[in-house]
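The block underneath contains the structure these notes are about, expressed in structure tokens.
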Amino acid sequence: MRSLRVRDALVYHDHVLAIKSGLALSIFTCNQLIHNYSNNGFVQEARKLFDEMHQRNEFSWNAIIVAYIKAHNLTQARALFDSASHRDLVSYNSMLSAYVGADGYEAEALDFFAAMQSAHDSVGIDEITLTTMLNLTAKLGLVYHGKQIHSYMLKTANDSSKFATSSLIDMYSKCGSFHEACNVPSGCDGMADLVSKNAMIAACCREREMDMALNLFWKNHELNNIVSWNILLAGYVQNCYMEKALALFAEMIENGIGCDEHTLASVLSACSGLKCLKLGQCVHAWVLKNGCSSNQFISTGIIDLYCRCGNIRYAESVYAETVIKNPFAVASLITCYSSQGNMTEAQRHFDSLTERNYVAWTALFSGYVKSQQCEAVFKLFREYVSTKALVPQAKIVIHVLGACAIQAALGLGRQLHAYILRMRFVMDEKLRSALVDMYSKCGSIMHAEKMFRLVRDSNRDAILYNIMIAGYAHHGLENEAIQLFEEMSKKSVKPDAVTFVALLSACRHSGLVELGEKLFISMEEEYNVVPDNYHYACIVDMYGRANQLEKAVEFMRKIPIEIDATIWGAFLSVCQMSNNTDLVKQAEEKLLKIDIDNGSRYVQLANLYAAKGKWDEKGRIRKKMREKEAKKVAGCSWIYVADGIHVFTSGDTSHTKADAIYSI
DNA sequence: CTAGGGTTAG
């Protein structure tokens, strides 16, 4: 309705102007009309008027070029630019900023900038050109090029306007050079203009320096606008201070700052992070009332909120109503279905996307890995690699390596390693860690170690150490595991809960009771790591394997946390060592109360009674298991043969070639 | 005298 009225007004305006000026519109008037049409989204009308003009000047050409740029038609804009009879620096700058602002036109932007410097029109470049180029280097994260432009700006005295200052701060910050951003003259004190101050607050938030951001924010706070508040709000959300974000939002409302679409997008993220459905729904209602649901950040935020709060039906119904099927929203849905193990729906959503971006791909890969559907991961990866339009992403390769680790698919893992080298991926710690883990879990501890040693000392983080220590532990190399732990401590890399699970399980498998006890005590006292159920279970199991029932019982009594199925399970295997039926009964009762659906527990119990020759007890447990319809997944082996994967369980005769296999 | 291009937040 509103667009129609604007159109009528423009046409009417057109007539009035024509009559007033004796039917022949001046160039000036036509140029203004082209702008009016363009600003209201009527690019065709603008073009019609442009075509009808008898005379045109630079302003006319620029107006029509900008009209196409605003309509996101860069091809047409460029065609007009190339054919223009009048061109000036403004035409060039308009075209350049269009390329910089659009996604996927980075190369065109660079070429265009180069052409500007050698153009035969010789329009040259000015401060606007340079700030636009700063924007591009910021987008690409190329601090080296950003510095070159900065130097050029210094040389040509184009470095001190408020536009230059804010762009420089923004560029250095987005390129990861926070220090340089702080050193931009009159930028860091927040006393320059408001945009520069806001850019600086954003830089602090990016650097996770929230105290610094707050200091800046409250300096001359009466000058702050809604952008300043939104930056701080987004800063809290991105640094996971969700409660603080909501408190700031409340303050915004109290102070009459109001809120806009940026505000609401951040508030929705905070609600998702806190799984705060109530407030999130209030925002949803507000959005519906005020008609800003067409904003993609907002609709994605609402879908994400319902997904994270586990309400996938609402998420689906909101998604069904969105006009533009945003890949980010779909990624959220995929993640939600994946977490429920519903990969059919996850895949369906993925298939529905016409434009699959890297977020959607990553979500699907992650889902298949989490639900341990490794064959699906490998199949998806083949599809991904053959999609020529995609730039290969390290994050996705990391997921596929994870699937190799689960499946112990060493051959595939090695192929991936070769692929990584061939594609010249940057070997960062995450990629290297994934490779170490893959080699270790595929049984090739030697290659895992080799990869680990390739990481420079200073780049070895706790995660990498954990992977390698766990690798040694699984391969029965407890001395190497301990040694690496000592190296870790020496390099003052802080061990965490995962480190100690790996270490304690090395101790329990190799019967190093004293060392296990020592490590267990030191983890809390020296390293400030609070033991959780896995650590307690390790120690209980360690005593059990070492045949030290009394110590295990005593240890069980002292456990300060609620004893869960993991710990009772460990205790049950300790009972296997003793003849104390009372203890078994006790453990059984507790265990079945906690872990009623887990078939493994029933089987463990039944086997325990069977081993003691108590067949009636065994029968009783098996009957209970049938009553509860608890199922245990059978352990299995598998082998890759040329045409695919073959899975076997104990005593399995279901394979089509079972007779031949057994005879061999 | 009056026109067009560049900066900060999700």
Side-chain angles (χ1 to χ4, degrees), chain A residues 26-36 38-39 57-67 69-70 77 81 86-101 116 123 125-136 138 149 153 158 161-171 173-174 181 184 187 190 192-206 213 216-217 224-238 245 248 252 257 259-270 272 292 295-301 304 326 328:
Chain A
S26 71
I27 298 184
F28 179 83
T29 312
C30 285
N31 292 348
Q32 277 196 321
L33 271 169
I34 292 175
H35 263 286
N36 273 334
S38 151
N39 284 337
N57 62 10
E58 293 93 329
F59 291 101
S60 330
W61 282 100
N62 291 339
I64 193 67
I65 290 168
V66 168
I69 290 171
K70 281 194 178 145
F81 174 88
H86 298 77
R87 256 198 309 231
D88 62 6
L89 186 52
V90 176
S91 334
Y92 275 93
N93 283 340
S94 303
M95 210 55 233
L96 181 69
S97 81
Y99 283 141
V100 170
M116 281 178 81
V123 288
I125 57 177
D126 67 357
E127 195 197 313
I128 294 179
T129 322
L130 292 166
T131 49
T132 307
M133 285 308 288
L134 281 180
N135 210 349
L136 179 67
I149 294 165
M153 290 170 93
N158 276 318
S161 77
K162 56 183 190 173
F163 284 107
T165 305
S166 54
S167 299
L168 282 166
I169 294 169
D170 190 54
M171 181 276 291
S173 160
K174 284 181 180 160
V184 174
D193 78 308
L194 184 57
V195 177
S196 299
K197 175 185 169 179
N198 287 344
M200 199 58 224
I201 298 174
C204 294
C205 291
R206 238 170 250 132
L216 218 53
F217 180 86
N224 286 346
N225 58 7
I226 192 163
V227 179
S228 328
W229 286 83
N230 284 342
I231 289 170
L232 201 57
L233 185 64
Y236 277 138
V237 170
Q238 276 150 18
L248 190 75
M252 275 178 90
I257 309 295
C259 66
D260 63 10
E261 302 184 352
H262 290 270
T263 323
L264 293 175
S266 290
V267 173
L268 280 168
S269 290
S272 301
C292 50
N295 179 312
Q296 295 209 22
F297 289 97
I298 303 234
S299 58
T300 302
D304 195 46
N326 183 343
F328 290 91

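Chain identifiers are assigned alphabetically (A, B, ...) following the order of the sequence lines, protein sequences preceding nucleic acid strands; residue numbering begins at 1 within each chain. Keep in mind that this is a model prediction, so the values were computed, not measured.
Side-chain atoms of A:Thr132 and A:Asn135 form no donor-acceptor pair, as typed in the model, at a separation below 3.5 Å. A donor-acceptor contact under 3.5 angstrom links the side chains of A:Asp193 and A:Ser196, judged on distance only.
Across all strands shown, A:Asn39 has no heavy atoms under 4.0 Å from either base or sugar-phosphate atoms.
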Along nucleotides 5-10 of chain B, 5' to 3', which nucleotides get a B, which get an S, and which get a -, given that the test is a protein heavy-atom distance under 4.0 Å?
BBBBBB

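Of all non-hydrogen atoms in A:Ile125 and A:Leu89, the two that sit nearest each other are CA-CD1, 4.2 Å.
Taking atom NE2 of residue A:His86 and atom P of nucleotide B:dG4, one finds them 19 Å apart after rounding to whole Å. Atom CD of A:Glu58 is separated from atom P of B:dA3 by 15 Å (rounded to the nearest Å). A:Asn36 has its CG atom 13 Å from the C1' atom of B:dG4, to the nearest Å.
Ring-centre distance between A:Trp61 and A:Phe81: not below the 6.0 Å cut-off.
Without hydrogens or angle criteria, A:Thr129 side chain to A:Asp126 main chain gives a donor-acceptor distance under 3.5 Å.
Residues forming a side-chain contact (heavy atoms from CB on, under 4.5 Å) with A:Asp304 (at least two apart in sequence, or on another chain): A:Ser272, A:Arg308, A:Ser332.
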